[in-house]
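Just so you know, ligand 1 is whichever comes first in the structure, and atom 1 is the first atom listed for that ligand.
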Amino acid sequence: MNIDGGVNDAREEALTAEVVRSFAAADPRLKEILSALVTHLHAFIREVRLTPEEWSAGIDFLAQAGHITDDRRQEFILLSDVLGASMQTVTVNAPPNPAATESTVLGPFFADGSPLAANGEDIARGAPGSPCWVELAIRSESGDPVRGARVEVWGAGDDGLYDVQRSGEVMANRAHFFTGGDGLVRFWGILPSAYPIPDDGPVGRLLAATGRSEMRPAHLHFLVSADGFAPLVTHLFVSGDRYLTTDAVFGVRPSLVVDFQEHGADEEAPGGRTIAGPWYSMNHEFVLVNEDGA
Ligand code: BEZ
Ligand code: FE
C-alpha cells in the first residue's frame with residue numbers, strides 16, 4: 001500500500017470500489033470471481049507501486065504468450081503451471097478426505113482416444129526407454145477392489161518427449177484399461193525420465209530470468225474414473241529423482257513418490273518376457289473416495 005497515505009490512498013481505494021461496483025448486475029458467481037480478481041489485482045499494483053514501464057512489460061509478456069499459443073501449444077496453461085496456479089486449483093478442489101490418493105496437475109499431454117489395453121500388454125509401442133512393469137490396485141476407502149474403473153496412463157520416453165510431441169500419429173506409452181473384479185491393472189511401459197517443460201517461449205524466459213529449473217521430475221500420469229467415485233488425476237514420481245524438490249510446476253506430493261525397482265537382465269520378467277538389458281518394476285495402490293468427496 002502507499003505508505004504516504006493521504007490523497008493517493010483515497011483515490012486508489014475509490015477506484016477499486018468503483019470497478020467492483022461495476023459488476024453489481026452480473027451473475028452472482030461471476031460477480032464474486034471478478035470482484036475478488038479486481039480487488040487482488042489492484043492490491044498487487046498498489047503494493048508493488050507498479051510503474052507504467054513494468055505494466056507495459058507485463059502486457060508484452062501476455063501478448064507473447066498469446067502469439068505462441070495455438071492448437072498444440074498453450075502458453076497460458078504453462079504460465080498458470082509455473083506460477084503454481086494450476087496446482088493451487090487442484091488443491092482447492094481435491095476431495096477433503098485424507099484417505100484419498102492425492103491429486104496433481106493433468107498437464108498438457110493428456111490425449112483423448114488412447115488405445116484400450118488388456119492386462120499384461122506392452123503399451124510402450126516403440127517409445128524409447130527401459131522397460132518397466134507396473135502393477136496398480138484400484139481400491140475404495142474401505143479397501144475393496146473397484147471393478148470397472150477406467151485407468152488412463154501416459155508418460156514420456158527417455159528422450160523426454162510424449163508421443164504427441166513426436167512426429168507421426170502413433171500413440172506410444174499411452175493406453176487405457178478397465179479393471180475387473182480384482183481392481184488390478186498390470187502392464188509393461190517405460191521407466192519415467194525427467195524432462196523440461198516447453199521453455200522456448202515467454203514462460204521459459206520467465207524461468208530463466210528467475211533462475212528456476214524448467215525440469216519436471218520423472219513421473220507417470222494417471223486419470224482414474226469409476227462410477228460413484230470422485231475422478232482421480234495424479235502422477236507417480238520416481239523416488240531419488242534429482243528434480244523432486246524443484247518441479248517447475250509444483251506438482252510433487254510426497255505421498256506420490258514411489259520406488260521403481262531395478263532388475264538385472266538375468267531376472268525372470270513378468271509374462272515370461274526375456275529382456276536384453278536391465279528392467280524396472282513398480283507397484284502402487286490408488287484409493288478412490290466417493291464422488292461427494294466424503
Ligand atoms: C506434464 O507433466 O506433462 C506437464 C505438466 C505441466 C506442464 C508441462 C508438462
Ligand atoms: Fe508429464
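The shortest heavy-atom distance from Tyr195 to ligand 1 is under 4.0 Å.
Residue Leu78 has at least one heavy-atom neighbour below 4.0 Å for each of these atoms of ligand 1: 7 (C), 8 (C). For ligand 1, the atoms closer than 4.0 angstrom to any heavy atom of His221 are 1 (C), 2 (O), 3 (O). Distances below 4.0 Å separate heavy atoms of Val249 from the following atoms of ligand 1: 6 (C), 7 (C). Heavy-atom proximity to Phe109, at under 4.0 Å, picks out these atoms of ligand 1: 3 (O), 9 (C).
For atom 7 (C) of ligand 1, the nearest protein heavy atom (residue, atom name, distance) is Asp81 OD2, 3.2 Å. Of all protein heavy atoms, the one lying nearest to atom 2 (O) of ligand 1 is Arg216 NH1, 2.5 Å.
Taking the six-membered ring where the residue is Trp, Tyr195 and Tyr162 present perpendicular rings, their angle passing 60° and hence far from 30°. Using the six-membered ring where Trp is involved, His176 and Phe178 have ring planes that are perpendicular, over 60° apart on the 30 and 60° scheme.
When all heavy atoms of Ile77 and Ser86 are compared, the pair lying nearest together is O-OG, 4.0 Å. Contact record, Phe229 with Ser140: CE2-CB, 3.9 Å, taken as the closest heavy-atom pair.
When distances to the Fe ion (ligand 2) are checked against a cut-off of 2.8 Å, His235 contributes no N, O or S atom below that limit.
Trp154 and Glu152 are not linked by any side-chain donor-acceptor pair at a separation below 3.5 angstrom, with hydrogens and angles left out of the test.
Checked for salt-bridge contact, Arg73 and Glu75 meet the test: a charged N lies under 4.0 Å from a carboxylate O. The pair Glu12-Arg49 meets the salt-bridge criterion, with a side-chain N (NZ, NE, NH1 or NH2) lying under 4.0 Å from an Asp/Glu carboxylate O.
Considering just the N/O/S atoms of His219, the one nearest the Fe ion (ligand 2) carries the name NE2.
Between the CH2 atom in Trp133 and the CZ atom in Phe187 there is a gap of 9.0 Å [rounded to 0.5 Å].
By heavy-atom distance, the residue among Gly107, Pro217, Pro108 lying nearest atom 9 (C) of ligand 1 is Pro108.
Take the Fe ion (ligand 2) as the corner point: the lines to OH of Tyr195 and to OH of Tyr162 open at 100°, to the nearest 10 degrees.
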